[in-house]
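What follows is a single structure, written as structure tokens, with notes after it.
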There are 2 protein chains.
Amino acid sequence: MKYSEINLFEGISEEDVNRMAICFGAKVKKFREGATVCDYSDTGDDVGVMLEGSASMIRTDENGEVAVMELFSAGDIFGEVLAFSNEAGDSVKVVAESECEVMFIKYGQITKRCEKACEPHSRLVSNMFGLIAKKTLSLSQRIEILSKKTTRDKLMYYFQILAKRYGEEFDLPMSVTMLAAYICADRSAMTRELSRMQVDGLIEMNKKRIKLKKVA
Amino acid sequence: MKYSEINLFEGISEEDVNRMAICFGAKVKKFREGATVCDYSDTGDDVGVMLEGSASMIRTDENGEVAVMELFSAGDIFGEVLAFSNEAGDSVKVVAESECEVMFIKYGQITKRCEKACEPHSRLVSNMFGLIAKKTLSLSQRIEILSKKTTRDKLMYYFQILAKRYGEEFDLPMSVTMLAAYICADRSAMTRELSRMQVDGLIEMNKKRIKLKKVA
DNA sequence: CTCAAAATGTTGCAAATGCAACATATATTT
DNA sequence: AAATATATGTTGCATTTGCAACATTTTGAG
């Protein structure tokens with residue numbers, strides 16, 4: 001792929017990108033759908049940047065309870081140092097949702113001064129700052145959603161975010177089952193609530209197509 | 001205060017810090033307890049770095065529902081661009097929990113190349129990268145907590161985080177009322193659950209002093 | 001196309017939670 | 001020290017939710 005298409009390398013020549021790959025200890029890997037991009041039990045301090053495709057971060061606790069922690073698409077950044085301290089020792093993995101390409105960078109190399117003090121290096125740090133800022137934004141957004149008390153409020157808030165992005169009529173960017181995991185609700189309870197929301201005239205829903213009818 | 005004590009300026013001389021303050025359009029302000037550090041309805045793109053003291057980000061929705069979104073102490077970084085898209089138009093403020101000192105930086109100035117390509121500038125960007133990485137970590141942790149389905153699980157997970165940090169016996173870093181807001185639960189329901197947890201021998205609690213008795 | 005697997009839809013029921021309303025305790029101000 | 005505001009503790013009750021169990025539909029592999 002052309003690296004220059006991705007934010008991360010904005011303003012950096014392809015030549016310099018390749019040069020930096022060494023200075024950063026960067027490696028690009030491809031994964032097919034369903035493959036494990038990384039397992040947080042053994043990644044160390046690597047930071048991953050999604051260059052192409054999409055993936056999701058899945059936590060499975062000791063009871064087999066599955067939760068979608070994050071969703072990643074091109075330009076998103078992830079890694080254990082950017083995630084959480086896995087207190088409970090749950091299994092946490094990043095799984096490819098589609099075929100994807102990921103660049104892994106040693107975290108220590110990012111903030112460490114490049115001996116050559118190369119311009120592209122600091123440029124990349126700047127760019128990465130932008131990516132991670134975007135990440136905090138989406139994490140905050142997720143917290144906003146989860147902070148709502150009822151399932152209905154969670155859904156409405158999420159739908160409003162989507163509506164703002166794609167218009168009042170949009171497609172769910174994930175499966176319904178995944179949506180339940182995303183808002184941390186029971187799937188059947190969520191489905192039930194979605195029905196009620198249609199009855200109450202808040203939304204219209206047909207498969208993944210959703211139309212937001214009210215803004216409150 | 002001595003700026004060199006704070007991560008943000010690690011490896012940068014005090015002299016350079018002052019020089020950069022101009023190049024970054026940085027301003028340091030002090031706030032007394034209870035004062036509004038910033039209101040997300042009119043901050044624009046400023047990024048705040050907490051130099052001293054602590055503050056909390058509070059959201060109040062149209063129903064007067066109050067939620068603690070984040071807690072900030074020295075070294076923490078915050079700002080609208082690092083937060084969320086306030087879809088519902090709720091009131092969101094950062095309020096000083098104690099007397100505090102905050103440095104405000106124009107977000108655009110951070111990633112923008114410094115004309116003088118000054119070394120300290122890129123150094124600071126590196127440092128800020130570290131701060132924001134720490135932020136994503138605490139946000140992720142909060143999501144972990146909120147993703148638990150029952151109040152008991154939320155509390156236990158949070159207590160485990162605290163226990164890991166301070167030992168199995170520790171003081172709550174916030175009031176009980178605030179804790180309820182933090183885990184997004186009803187205060188009375190949470191208090192009830194805390195009682196049950198004591199009866200069930202999971203914790204011992206005396207005022208803000210908590211002892212974690214089991215790890216599950 | 002056929003079949004199996006995964007996703008989705010539905011329902012009853014028990015448990016958890018939010019809410020309101022109140023009592024008590026602690027902190028802060030004057 | 002008194003008065004006021006704020007924080008904390010408690011309880012009944014209606015609602016929401018999770019859970020289990022099952023039916024139906026869609027998807028994907030062969």
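Note that this is a predicted model, so its numbers are computed, not measured. Letters go in sequence order (proteins before strands), and every chain restarts at 1.
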Please enumerate all residues that pass salt bridge (Lys or Arg N to Asp or Glu O under 4.0 Å) together with B/Glu193, with sequence neighbours excluded. B/Arg152, B/Arg196
List for me each residue that meets salt bridge (Lys or Arg N to Asp or Glu O under 4.0 Å) alongside A/Lys30, sequence neighbours excluded, and say none if there are none.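 Per chain and number, A/Lys30 pairs via salt bridge (Lys or Arg N to Asp or Glu O under 4.0 Å) with A/Glu101.
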Between B/Val176 and A/Ala185, who's closer to the 5' end of DNA chain D by nearest nucleotide?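 Per heavy-atom nearest nucleotide, the more 5' residue is B/Val176.
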In terms of side-chain heavy atoms of B/Thr150, which of C/dA7, C/dA16, C/dC19 is nearest?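 The answer is C/dA16.
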Nearest to the B/Thr177 side chain among D/dT17, D/dA7, D/dG18, which nucleotide is it? D/dA7
Spacing between [X] atom [atom1] and [N] atom [atom2], to the nearest angstrom:
X: A/Asp186; N: C/dT8; atom1: CG; atom2: P; result: 14 Å
X: A/Ile183; N: D/dG18; atom1: CD1; atom2: C1'; result: 13 Å
X: B/Met156; N: C/dA16; atom1: CE; atom2: P; result: 16 Å
X: A/Arg32; N: D/dA29; atom1: CZ; atom2: C1'; result: 15 Å
X: B/Glu193; N: C/dA16; atom1: CD; atom2: C1'; result: 8 Å
X: B/Leu194; N: C/dA16; atom1: CG; atom2: P; result: 15 Å
X: A/Leu179; N: C/dT8; atom1: CG; atom2: P; result: 10 Å
X: A/Met178; N: D/dT27; atom1: CE; atom2: P; result: 17 Å

A/Phe78 and A/Lys135 have their tightest heavy-atom pair at CA-NZ, 4.0 Å
For A/Ile183 and A/Ile145, work out which heavy atoms get closest and say how close.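 Looks like CG2-CG2, 4.2 Å.
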Return all side-chain donor-acceptor pairs below 3.5 angstrom for residues 165-180 of chain B, not counting sequence neighbours, or 'none' if the list is empty.
| unit_1 | atom_1 | unit_2 | atom_2 | d |
| --- | --- | --- | --- | --- |
| B/Glu169 | OE2 | B/Arg209 | NE | 3.4 |
| B/Asp171 | OD2 | B/Arg209 | NH1 | 3.0 |
| B/Ser175 | OG | B/Met178 | N | 3.0 |

Salt bridge check: are A/Arg142 and A/Glu70 linked by an N-O gap of less than 4.0 Å? no
Kindly indicate whether the side chain of [X], heavy atoms from C-beta on, has any atom under 4.5 Å from the side chain of [Y].
X: A/Val37; Y: A/Phe104; value: yes
X: B/Glu99; Y: B/Glu52; value: no
X: A/Met197; Y: A/Met156; value: yes
X: B/Phe31; Y: B/Val95; value: no

Between A/Ser147 and B/Cys184 (side chain of the first, backbone of the second, donor and acceptor by atom type, cut-off under 3.5 Å), is there such a pair? no
Sidechain-backbone polar pair: A/Asp186 side chain, A/Ser188 backbone, donor-acceptor under 3.5 Å: yes
OP1 or OP2 of D/dT17 less than 4.0 angstrom from a side-chain nitrogen or oxygen of A/Thr151, does that happen here? yes
Can you tell me if the side-chain N/O atoms of A/Lys149 get under 4.0 Å from OP1 or OP2 in C/dC19?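 True: A/Lys149 side-chain N/O within range (under 4.0 Å) of C/dC19 OP1/OP2.
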Give the angle between the helix axes at the two ends of the helix from C/dC1-D/dG30 to C/dT30-D/dA1, taking five base pairs at each end and rounding to 10°. 70°
Protein N or O to nucleotides 24-30 of chain C N or O, pairs below 3.5 Å:
| unit_1 | atom_1 | unit_2 | atom_2 | d |
| --- | --- | --- | --- | --- |
| C/dT26 | OP1 | B/Lys207 | NZ | 2.9 |

Are any protein N/O atoms closer than 3.5 Å to N/O atoms in nucleotides 10-15 of chain D? If there are, list each pair with its distance.
| unit_1 | atom_1 | unit_2 | atom_2 | d |
| --- | --- | --- | --- | --- |
| D/dG12 | O6 | B/Arg192 | NH1 | 3.2 |

